[in-house]
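Here's the structure we're looking at; comments come further down.
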Amino acid sequence: MSGVATSMDQSSSDRPPRRAPWWRRVGIAPLCAIVILAVMILAAVFAPLVAPYNPNSPDLLAALQGPSAAHPLGTDALGRDTLSRLIYGGRTTLLGPIVVILLSTVLGLLLGVAAAWRGGSIDTVISRIVDVLFSIPGIVFALVTVAILGAGLGSVVIGLTIAYTPYAARVIRGGALRERRMPYISAAWIQGRSGSTIARRHLVPNIRPLILAQAVAALGFAVIDLASMSFLGLGVQPPTPDWGLMVKSGLDSAVRGQPTEVIVASVAIALFVGAVTVLGDRLSTGVNK
Amino acid sequence: MSWPRFLVKRVLALLVVLLVASLLVYGSLYLAPGGPLSFLVGTRSATPELIAQVTAQYHLNDPFLVRYFTWLADVLHGDLGRSLVYREAVSSLIASRFLTTLLLVVYATVLILLVGLGTGIWAALRRGVAGRVVTGWNAASLSTPAFVLGALLIVVFALGLGWFPVYGSGSGFGDRLWHLTLPAIALALSSAAYLSRISSASITSEMGKEHVETAMSRGLPRKLVVRRHVLRNASIPVITVVGLTIAGLVAGTVVVENVFALDGLGSLLVRAILQRDYAVVQAIVLLLTIVFVLVNLIVDVLYSLVDPRLSLDGDAL
């Protein structure tokens, strides 16, 4: 938004330049994204307070209903309230990817900073391992982990963490390499700080925007991958409510003539991924500026 | 670097990746809770014959490295083992399903190239409303996972309008293509959006380059400038994306085949995982990796063919 500030400089040179209001600086689309994400996450966290029904209590007499006053988003094949399942389903659907991103970012940070900071043979070894992991499609790690440990959210999280770590490590290594050549690092050396202190106290805080942008961008993909695994029956297991599972069961309901559930769950997933993508784009343009 | 050296280096790197992948796939068997034998037998009744068959197939009585290399040698000879569920050789299981998956990937690739390049070039050369429509469409497509899109396509076009069959692969070539249309769209859409975005951005940045402006101001026809100077230079990042996309499609089929109940490798893989049929899992996972790595190699070779300025000294892996 620097363009706005300069034009104001020229028009009113006698007054000190005013910064654009914060909502103009953030942008309308990222703001909408933040609101959507906040609503979804808050609803999932406070699900017992928000949900109108118990997500797992069946009512076979009210099965496969469309939207009504009693059930605003209808019911599924067992007569469970779709709105309540959607709210509770946000818990596994969103928690899984967040854990994957936290774990892979921490691992990627350790590997990336170690490679950039130490350089030499350590860098070569780490980079080669990352290269090889890159050459194997990410979903393969998740599938092999599930094959070994059995279906479940935990197995998928472990597998996807392995798949996402190389991405984080590569991006963070690049950022750390650029930062390492900065004069303030040499200044800290001259002051006699130890290498690990400089890396921890100066280098990592300075690449924090990059790490955040990378993590948010990866979060969108993680949501897709985890929901896909649950849809395949390899991740979250029924009767736990989950958006990926709701697409699966909703598809069966749609074949039986009631498409509300599959549409609701699909829209929820697409909205969340879209919001995360918009936010990620905004964060990475901030980094590249 | 000369061409032969480049190729040798790349093929060696490829072998390293495959070796690591095979070690991963084979070695992870030993991380299974309860050890490999109880894992491979699973919930099936542990008859002496079954235990003997599994022990012989995986050479469980030998030390680990000997076992691994014996298994690898078997694989290289085309012996992928026998499925414990289907009681059939894994290679014949795969062979009978390979065509469906291949057809799906090729169909989706064609759609991605047509739609992705088409909308990308159109948006970049027209700008204005066209550009904004394409940008919005791309953002929406990129946010929709393939399985979600597949489900919605079934609801609208198969169940609602009745234009397409809901499930299955069909028989005969034309019928097969008809059955594969919705799956191919589901598989292609987000990749097409990504390609559209990249090609549009690439063309837009080429259009602003000095040599393009010079050619335009000299009065050369716009079409000629676009064809000769813009599109050719813009094609380099586009080739990367096309390559990565096709490689990614191979993994994407796992999800899409299950949405549409197609009888391909992806649905075989998921069923094998759920039924703990590890010989099938190993074989398909290795196959996916091989295709993924090969496509990446082809992309790198194409690179240097399109732009001779790019040296062959790029990253080895």
Side-chain angles (χ1 to χ4, degrees), chain A residues 29 127-151 162 220-221 223-234 243-244 246-248 250-251 254-257 259 262-263 265-278 281, chain B residues 13-14 16-21 24-25 28-29 31-33 39 139-140 142-152 154-156 158-160 166-167 190 247-248 250-252 254-255 258-259 266-267 269-270 272-274 276-278 281-282 284-285 288-289 291-293 296 315-317:
Chain A
S127 298
R128 284 296 122 163
I129 293 175
V130 166
D131 283 342
V132 172
L133 291 181
F134 246 106
S135 316
I136 300 169
I139 199 169
V140 163
F141 290 105
L143 292 169
V144 170
T145 316
V146 171
I148 295 295
L149 298 179
I162 302 173
F221 291 105
V223 172
I224 293 182
D225 282 351
L226 254 114
S228 304
M229 294 296 280
S230 294
F231 175 86
L232 293 176
L234 304 174
W243 296 353
M246 285 174 75
V247 174
K248 188 181 180 62
L251 194 54
V255 174
R256 292 165 62 185
V262 63
I263 293 173
S266 302
V267 170
I269 294 174
L271 260 186
F272 187 85
V273 175
V276 168
T277 313
V278 167
D281 285 353
Chain B
L14 187 147
V16 170
V17 169
L18 291 183
L19 204 66
V20 171
L24 185 90
V25 167
S28 57
L29 204 55
L31 298 174
F39 172 75
L142 279 171
S143 308
T144 315
F147 78 96
V148 168
L149 182 66
L152 291 178
I154 289 181
V155 169
V156 176
L159 295 169
V166 180
Y167 295 124
S190 68
V250 177
V254 175
V255 176
N258 276 279
V259 179
S267 42
L269 174 61
V270 171
I273 290 175
L274 290 172
R276 298 203 146 197
D277 198 358
Y278 203 68
V281 176
Q282 281 179 324
I284 299 181
V285 162
L288 287 183
T289 312
V291 174
F292 191 77
V293 173
N296 280 326
D315 282 347
L317 279 174

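What you see is a predicted model, and the numbers here were worked out from it, not measured in a lab. In what follows, chains are A, B, ... by sequence order, proteins preceding strands, each numbered from 1.
Within a 6.0 Å sphere centred on CZ of Phe292(B), heavy atoms belonging to other residues, nucleotides or ligands number more than 12.
No part of Phe272(A) comes within reach of chain B, as not one of its non-hydrogen atoms sits under 4.5 angstrom from that chain. In this structure, the portions of Val255(B) lying under 4.5 Å from any heavy atom of chain A include both its backbone and its side chain. When heavy atoms are compared at a cutoff of 4.5 Å, Val250(B) does not approach chain A at all. Neither the backbone nor the side chain of Ala275(A) comes within less than 4.5 Å of any heavy atom of chain B. For Ala151(B), the parts lying under 4.5 angstrom from a heavy atom of chain A are both the backbone and the side chain. In this structure, chain B has no heavy atom under 4.5 Å from any part of Val276(A). Residue Leu18(B) does not touch chain A at all, counting heavy-atom pairs closer than 4.5 Å.
Comparing Leu143(A), Val262(A), Leu149(A) by how many heavy-atom pairs each has under 4.5 Å with chain B, the most go to Leu143(A). When the candidates Leu234(A), Val140(A), Ile263(A) are compared by the number of heavy-atom contacts under 4.5 Å with chain B, Leu234(A) comes out ahead. Among Val267(A), Val278(A), Val273(A), Leu271(A), the residue with the largest count of heavy-atom pairs under 4.5 Å with chain B is Val273(A). Counting heavy-atom pairs closer than 4.5 Å to chain A, the top-ranked of the candidates Leu159(B), Asn258(B), Val281(B) is Leu159(B). Taking Thr277(A), Val223(A), Asp281(A), Ile269(A) one by one and counting their heavy-atom pairs under 4.5 Å with chain B, the maximum is reached by Ile269(A).
Of the inter-residue distances, the one linking Asp277(B) atom CG with Gln282(B) atom CD reads 10.0 Å to the nearest 0.5 angstrom. Rounding to the nearest 0.5 angstrom, the gap separating the OG1 atom in Thr144(B) from the CG atom in Leu149(B) is 6.5 Å. Atom-to-atom distance recorded for Leu226(A):CG and Phe221(A):CZ is 14.5 Å, nearest 0.5 angstrom. Atom CG of Leu24(B) sits about 11.5 Å away from atom CG of Leu19(B), to the nearest 0.5 Å. Tyr278(B) contributes atom OH, which lies 3.0 Å from atom OG of Ser28(B) (distance to the nearest 0.5 angstrom).
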Give the C-alpha distance, both sets of side-chain angles, the deciding distance and a yes or no for side chain to side chain contact (heavy atoms under 4.5 Å, CB included) between Phe231(A) and Val259(B). CA-CA 9 Å; Phe231(A) 175 86; Val259(B) 179; 3.4 Å; yes
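Leu133(A) places a side-chain heavy atom less than 4.5 Å from the side chain of Phe141(A).
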